[in-house]
Amino acid sequence: MAKIQTPQPVRGTQDIFGEEQERFQHVVETFERVRRLYAFKGVEMPVFEPTAVFSRSLGETTDVVSKEMYSFEDRGGDSLTLRPEFTAGISRAFLTNGWQQHMPLKLTAHGPLFRYERPQKGRYRQFHQLDAEIIGAGEATADVELLCFADQLLQELGIADGVTLQLNTLGDAESRNAWRDALVEHFQAHRKELSEDSQDRLERNPLRILDSKERQDRPIADAAPDIDAYLSTEAKEFFAQVTEGLDACGVAWTRNSRLVRGLDYYRHTAFEFVTDRLGAQGTVLAGGRYDGLIETLGGPATPAVGWAAGIERLGMLLTEVPEASLELAIVPTGDDATAKALSVANELRKTGFSADIFGSGKFKKRMARANQAGALAAIIIGEDELASGKLQFKNLATGEQTGLDVAEITEKMWDLRFSDDLDDLDSDLLALEQDVKFSGESD
RNA sequence: GCGAUCGUAGCUCAGUUGGUUAGAGCGCCGGUUUGUGGUACCGGAGGUCGGGGGUUCAAGACCCCUCGAUCGCCCCA
């Protein structure tokens with residue numbers, strides 16, 4: 001029989017396993033914990049939507065829509081698209097489910113997104129994002145709350161160092177249009193000096209010339225007018241409220257007047273948390289206000305703000321990855337003991353302890369693996385233990401070993417776990433004391 | 001979509017100007033040690049050299065195509 005060629009994974013997809021998966025999981029779990037602190041509700045969304053959901057809201061001419069979407073016709077002849085982002089789908093859900101009644105609605109989502117792009121470090125065709133949105137809140141406090149959430153998330157992930165929040169305003173629709181006209185005029189005057197890419201951008205998305213990396217574009221982009229001169233008093237006031245709010249909450253930010261957003265629906269606040277540790281994919285979390293979007297989907301004028309963050313990118317930045325922990329390693333030897341191991345494991349698991357059975361390889365190997373799994377203790381079961389009913393319970397940290405029955409083991413494990421928690425509490429207290437001392441000194 | 005670099009064992013890599021049977025370390029399995037984590041020593045399994053075509057007496061090395069990875073551009077989280 002001819003050997004069958006194993007199918008290869010699709011380009012730009014990942015099989016996330018081992019430490020990578022721990023990183024991924026830790027990012028998601030931290031996000032889930034922090035979003036509850038900010039009273040955001042979770043939402044599960046479909047992975048595909050009618051193509052119009054994205055083409056309408058992102059803008060037909062954007063690269064995402066014109067060349068990066070996974071669109072296909074289903075068997076009923078409808079054009080569907082694997083979601084390239086969360087915001088448009090959430091906005092659609094907001095309208096089709098009548099979620100207006102819950103406004104202002106604070107939502108989070110996370111999961112896979114799809115874009116047909118050239119894969120690179122931190123860039124995949126199926127990638128994963130965290131997403132947070134506030135729909136139906138036109139006040140600057142919503143922007144501030146969202147940014148505090150983002151800031152705290154990065155803090156708790158331990159990656160806030162080396163990440164800076166860059167902030168800009170695109171003004172309201174009027175301001176933005178006036179600024180845009182001024183920019184077009186400016187760039188038109190220097191058209192010949194611009195790079196080929198930027199001449200093209202001048203037609204499609206003139207704002208994008210501002211953050212061009214092309215060296216020859218820089219002088220022209222740097223000399224371009226800032227939005228500030230074109231801001232209406234309302235827009236100016238709005239931005240001031242955002243920055244004041246951030247200062248009041250102790251969120252560090254820097255103004256980047258060249259920061260623009262790629263998608264058409266953004267208004268007012270635009271922001272990016274940027275690191276220099278990921279090469280060309282330095283943006284780790286980004287978003288802004290999109291007051292115009294819901295209307296483009298046929299809904300009533302509804303203000304909204306949101307952000308998204310790449311889970312893979314956040315995962316790559318983690319310096320401390322929590323280890324997978326196992327509490328009990330059950331090491332049987334002999335057929336009877338192997339059969340017994342399952343029921344012992346079950347009993348312990350039902351009491352709430354994590355347990356795994358190390359039943360293959362020679363005995364020494366089993367112990368080594370139990371140790372490698374990071375188990376707190378090993379339970380050794382052999383002929384003698386089956387006869388006496390007293391299992392060998394070995395504390396893998398101290399090496400001490402005693403014969404105990406299952407009830408005694410659970411008791412012992414509660415103690416072990418409790419003393420672990422106490423240690424954690426101790427170090428927390430210690431850190432707290434130091435904080436207090438420091439703030440005392442600085443006064 | 002464009003440019004550049006790279007694909008050799010599960011992983012990280014070596015392999016001279018083309019020349020017999022393609023190597024190392026780590027990992028895996030076994031032994032020294034019939035039931036105790038480490039170390040050391042010994043042994044073993046594992047590769048159609050990403051795939052296809054070509055040049056040559058001879059290709060892992062050279063040429064072409066293709067697939068994939070990486071780094072930029074573009075775009076974007």
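Just so we're on the same page: letters track the sequence lines, and every chain starts at 1. In this text the structure is predicted, and so the values were computed from the model without any measurement.
Each of A/Val10 and A/Gly287 lies near RNA chain B, and the nucleotide nearest A/Val10 is the one positioned closer to the 5' end. The residue among A/Gln401 and A/Asp197 whose nearest nucleotide of RNA chain B is located toward the 5' end is A/Gln401.
If you take CD of A/Glu214 and C1' of B/rG72, they are 12 Å apart, rounded to a whole angstrom. Spacing between atom CD of A/Gln129 and atom P of B/rC76 amounts to 13 Å, rounded to whole angstrom units. Protein atom CD of A/Gln372 is 10 Å distant from nucleotide atom C1' of B/rG37, rounded to whole Å. With rounding to whole Å, A/Tyr70 atom OH is found 19 Å from B/rC75 atom P. Here the P atom of nucleotide B/rC75 and the CD atom of A/Glu117 are 11 Å apart, to the nearest Å. Note: CZ (A/Phe273) to P (B/rA77) measures 14 Å, nearest angstrom. One atom, CZ of A/Arg125, and another, P of B/rG68, lie 8 Å apart when rounded to the nearest Å. The distance between atom CZ of A/Arg118 and atom P of B/rC67, rounded to the nearest whole Å, is 11 Å.
Within the nucleic acid shown, A/Gly282 has no heavy atom closer than 4.0 Å to any nucleic acid atom. Across all strands shown, A/Arg313 has heavy atoms under 4.0 Å from base atoms, whether or not it also approaches the sugar-phosphate. Contact annotation for A/Gly122: base contact, defined as any heavy-atom pair under 4.0 Å involving a base atom. Among the protein residues, A/Leu285 comes within range of the sugar-phosphate backbone only, with heavy atoms under 4.0 Å from sugar or phosphate atoms but none that close to a base. No engagement by A/Glu312 is indicated, since no non-hydrogen atom pair under 4.0 Å with the nucleic acid exists. In this structure, A/Asp200 reaches neither bases nor backbone, as no heavy-atom distance under 4.0 Å exists between it and the strands shown. Residue contacts shown for A/Asp384 include a base, since a base heavy atom lies under 4.0 Å away. At the heavy-atom level, A/Glu196 lies nowhere under 4.0 Å from the strands shown.
The side chain of A/Gln120 lies closest to B/rC71 when the candidates are B/rC71, B/rA77, B/rU36. Considering only the side chain of A/Met367, B/rG37 comes nearest among B/rG35, B/rG37, B/rC75.
Remark: the separation of the P atoms in B/rG7 and B/rA14 is 8 Å, to the nearest Å. Rounded to the nearest Å, the gap between the C1' atom of B/rG10 and that of B/rC57 is 37 Å. Spacing of P atoms, B/rG15 relative to B/rC62, comes out at 12 Å, to the nearest Å. Spacing between B/rC63 and B/rU16 at atom P, rounded to whole Å, works out to 15 Å. Using atom C1' as the reference point in both B/rU21 and B/rC49, the two lie 15 Å apart (nearest Å). Spacing of P atoms, B/rC26 relative to B/rU39, comes out at 11 Å, to the nearest Å. Look at the C1' atom in both B/rU17 and B/rA59: the space between them is 14 Å, to the nearest Å. When the P atom is compared between B/rC67 and B/rU56, the two are found 28 Å apart, to the nearest whole Å.
Within a 6.0 Å sphere centred on NZ of A/Lys340, other residues, nucleotides and ligands contribute 12 heavy atoms or fewer. When the shell of 6.0 Å around CG of A/Asp336 is examined, it contains 12 or fewer heavy atoms from other residues, nucleotides or ligands.
Side chain A/Arg115 to base B/rA77: a donor-acceptor pair is found below 3.5 Å. Applying the 3.5 Å distance criterion, the base of B/rG1 shares no donor-acceptor pair with the side chain of A/Glu68.
For the pair A/Lys121 and B/rU70, the criterion of a side-chain N or O lying under 4.0 Å from OP1 or OP2 is not met. The side chain of A/Lys213 contributes an N or O atom lying less than 4.0 Å from OP1 or OP2 of B/rC73. Between A/Arg201 and B/rC75 there is a side-chain N or O to OP1 or OP2 distance below 4.0 Å. The phosphate of B/rA69 (OP1 or OP2) has no side-chain N or O of A/Arg123 nearer than 4.0 angstrom. The shortest distance between the side-chain N/O atoms of A/Arg366 and the OP1/OP2 oxygens of B/rG37 is not below 4.0 Å.
At least one cation-pi condition fails for A/Arg125 and A/Phe114: the charged atom is not both under 6.0 angstrom from the six-membered ring centre and inside a 45 degree cone around its axis.
In this view, A/Phe353 and A/Trp414 satisfy the ring pair (Phe, Tyr, Trp, His ring centres under 6.0 Å) rule, not counting sequence neighbours. Considering only residues two or more places apart in sequence or on other chains, A/His128 meets the ring pair (Phe, Tyr, Trp, His ring centres under 6.0 Å) condition with A/Phe24.
Using cut-offs of 30° and 60° on the angle between ring planes, the pair A/His186 and A/His190 is tilted. Ring geometry for A/His268 versus A/Phe238: interplanar angle of 30 to 60°, hence tilted.
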Protein and nucleotides 30-34 of chain B: nitrogen or oxygen contacts under 3.5 angstrom:
unit_1, atom_1, unit_2, atom_2, d
B/rG31, OP2, A/Lys362, NZ, 3.4

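Looking only at atom types and distance, the side chain of A/Tyr124 has no donor-acceptor partner in the side chain of A/Glu117 under 3.5 Å away.
Here A/Asp143 pairs with A/Arg289 in a salt bridge; the nearest charged N to carboxylate O distance falls below 4.0 Å. Using a 4.0 Å cut-off between charged side-chain N and carboxylate O, A/Glu133 and A/Lys106 make no salt bridge. Using a 4.0 Å cut-off between charged side-chain N and carboxylate O, A/Arg33 and A/Glu156 make a salt bridge. A salt bridge links A/Asp226 with A/Arg258: at least one charged nitrogen is closer than 4.0 Å to a carboxylate oxygen.
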Exercise for the section: Go through the steps for A/Phe149 and A/Trp307 under the test ring pair (Phe, Tyr, Trp, His ring centres under 6.0 Å), then give the verdict. Expected result: CA-CA 10 Å; A/Phe149 175 9; A/Trp307 55 250; 5.2 Å; yes

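Annotation for A/Ala370 and A/Val331: closest pair CB-CG2, 4.3 Å, computed over non-hydrogen atoms.
The list of side-chain hydrogen bond (donor to acceptor under 3.5 Å, both in side chains) pairs with a residue in residues 162-171 of chain A, not counting sequence neighbours, reads A/Gln166-A/Asn256, A/Asn168-A/Arg255.
Of the residues in residues 13-37 of chain A, not one places a heavy atom less than 4.0 Å from an atom of RNA chain B.
Both key distances under 3.5 Å define a Watson-Crick or G-U pair, and stretches of 3 or more such consecutive pairs in RNA chain B run B:1-7 with B:67-73, B:10-13 with B:23-26, B:28-32 with B:40-44, B:50-54 with B:62-66.
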